[in-house]
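Read through the structure below, which is laid out as structure tokens, and then see the notes.
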Amino acid sequence: MKIINCKTIITCPGRNFVTVKIETDEGVYGIGDATLNGRELAVVAYLEEHLFPCLIGRDPAQIEDIWQYLYRGAYWRRGPVTMTAIAGIDTALWDIKGKVAGLPLYELLGGRSRDGVMVYGHANGVEIEETVDEVAKYIDLGYKAIRAQCGVPGLPSTYGVAKDKMYYEPADAELPSENVWSTEKYMKHVPQLFERLRDKFGFDHHLLHDVHHRLTPIQAGRLGKDLEPYRLFWMEDAVPAENQESFRLIRQHTTTPLAVGEIFNTIFDCQQLITEQLIDYIRTTVVHAGGITHLRRIANLADLYHVRTGSHGATDLSPVCMGAALHFDTWVPNFGIQEYMRHTPETDEVFPHDYHFKDGYLHAGSKPGHGVDIDETLAARYPYKPAYLPVNRLEDGTMYNW
Ligand code: EZ4
Ligand code: CO
């Protein structure tokens, strides 16, 4: 079997998605997600100009060799654009392998390790009581785990607070919108949110929180400590993680479990975090960490150090990524949890899929490959629209982390 054609499909059914499609001389094709929020066309150019020409004529069964060719062979390694492009191709090749074998992807990885994949949904509100109502909705829908975010008094807007609650999309403007941040105001407010939630709902559901890279290590230690009475499933992205050693200080001060990694693209971004047991959950996912082939390596390393997976699953990760991630989650021995933000009905229509939600779990389905397809005619009806993630400034105007 030979690869005869590769292309990207760009579509915007509410938000932008980049999909790789690889076609073979035997008629079998595979697809992979290659969406990098706010930087979509950089990945498209990398794929079309630099990677696709190298794939024509190759045997799609040689997934490992192709991965090594694209990673090592490029000389220039790592980085979000490169690794997202490689991920799109890698996912499409696994999809082809599954279709050729007539097996769902989780069977190729080693088979099912669990019946369903526990997911967490996003509850958010401008005020605490609004978030409380949203958490109640997720509990009614059957969720076992819910991430809770809320607005901070004195700050006009912040990460995690959405106009459209179920379909939160932070890339909201043609040029980056600007948020204002105060660590002091935030740190005073968050423990009140979780006190109220535990008071109202008790301890039967997992609660999670995303700090979105906004603290210093000692502040994160303090917040983790303040949240200990509410027994969070995790505190996510407490500090920017370029400096992996930062987590040592957080660890010294709190037993609140730590999650990080949605913006990591290789095992080298989390090597120290894992081997020194500085985190509890690694959030790398298929689309931004080099595909199934590389994510498997990260998960295997993590398993040796009691670190479990908790893959990123926001709406900017397309249903193709979600499908592949769910097969991965169904297999991976050290699974922790999977983030699940529902896509809009328009997006679900463009990407028909085999996965489904039931009683707090997602089920990968049993179709060969990852079980997600793309309706190209429908996709063409939603042309690309430039959209950026916001930027963040402190109250005195200093640029900060978003
Ligand atoms: O801000 O996916 O945990 N989820 C998140 C997401 C990210 C977006 C960025 O594109 O932090 O909402
Ligand atoms: Co996050």
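Whatever order the structure lists them in is the order used to number ligands and atoms, beginning at 1. Note that the structure is predicted; figures quoted are calculated from it, not measured.
Checked for salt-bridge contact, Lys7 and Glu376 meet the test: a charged N lies under 4.0 Å from a carboxylate O. Salt bridge Glu339/Arg283: present, at least one basic N to carboxylate O contact under 4.0 Å. The residues Glu228 and Lys225 are annotated as not salt-bridged, no charged nitrogen and carboxylate oxygen being separated by less than 4.0 angstrom. The pair Asp59-Lys2 does not count as a salt bridge, with every side-chain nitrogen at least 4.0 angstrom from each carboxylate oxygen. Taking 4.0 Å as the cut-off between side-chain N and carboxylate O, Asp329 and Arg114 do not count as a salt-bridged pair. No salt bridge links Glu107 with Arg112; every basic N to acidic carboxylate O contact stays at or beyond 4.0 Å.
For atom 11 (O) of ligand 1, the nearest non-hydrogen atom of the protein is Glu262 OE2, 2.7 Å. In this structure, the protein non-hydrogen atom closest to atom 12 (O) of ligand 1 is Tyr159 OH, 2.7 Å. Looking from atom 2 (O) of ligand 1 to the surrounding protein, the closest heavy atom is Asp316 OD1, 2.7 Å.
Under a 4.0 Å heavy-atom criterion, Glu236 is in contact with ligand 1.
Close contacts of ligand 1 with Asn37, meaning ligand atoms under 4.0 Å from a residue heavy atom, involve 10 (O). Heavy-atom contacts of Glu339 reach the following atoms of ligand 1: 3 (O), 4 (N) (cutoff under 4.0 Å). The atoms of ligand 1 that sit less than 4.0 Å from any heavy atom of Ala314 are 2 (O), 6 (C). Taking a cut-off of under 4.0 Å to the non-hydrogen atoms of His312, the atoms of ligand 1 that pass are 2 (O), 4 (N), 5 (C), 6 (C), 7 (C). Within ligand 1, the atoms closer than 4.0 Å to a non-hydrogen atom of Arg283 are 3 (O), 4 (N), numbered from 1 in the order shown. Near His212, meaning under 4.0 Å from one of its heavy atoms, ligand 1 places the atoms 1 (O), 7 (C), 11 (O). Heavy-atom proximity to Asp210, at under 4.0 Å, picks out these atoms of ligand 1: 3 (O), 4 (N), 5 (C), 11 (O). Those atoms of ligand 1 with a heavy atom of Arg147 less than 4.0 angstrom away are 3 (O), 4 (N).
Rounded to 10°, the angle formed at the Co ion (ligand 2) by Glu262 OE1 and Asp210 OD2 is 180°.
Here the side chain of His363 pairs a donor or acceptor atom with the backbone of Asp115 at under 3.5 angstrom. Put simply, the side chain of Arg39 never gets that close to the backbone of Pro80: no donor and acceptor are under 3.5 Å apart.
Nearest N/O/S atom of Glu236 relative to the Co ion (ligand 2): this is OE2.
The proximity of Trp402 to ligand 1, defined as any non-hydrogen pair under 4.0 Å, is limited to the side chain.
Side-chain rings of Tyr355 and His353 approach one another, their centers coming within less than 6.0 Å.
Crowding of Arg222 atom CZ: a count of heavy atoms from other residues, nucleotides or ligands under 6.0 Å not exceeding 12.
In this structure, Arg296 is not positioned above the aromatic face of Trp94 in the sense of NZ or CZ being under 6.0 Å from the six-membered ring centre and within 45° of the axis.
Note: no N/O pair closer than 3.5 Å links Tyr120 and ligand 1 by distance alone. Taking distance alone, with nitrogen or oxygen atoms compared against 3.5 Å, His122 stays at or beyond that limit from ligand 1.
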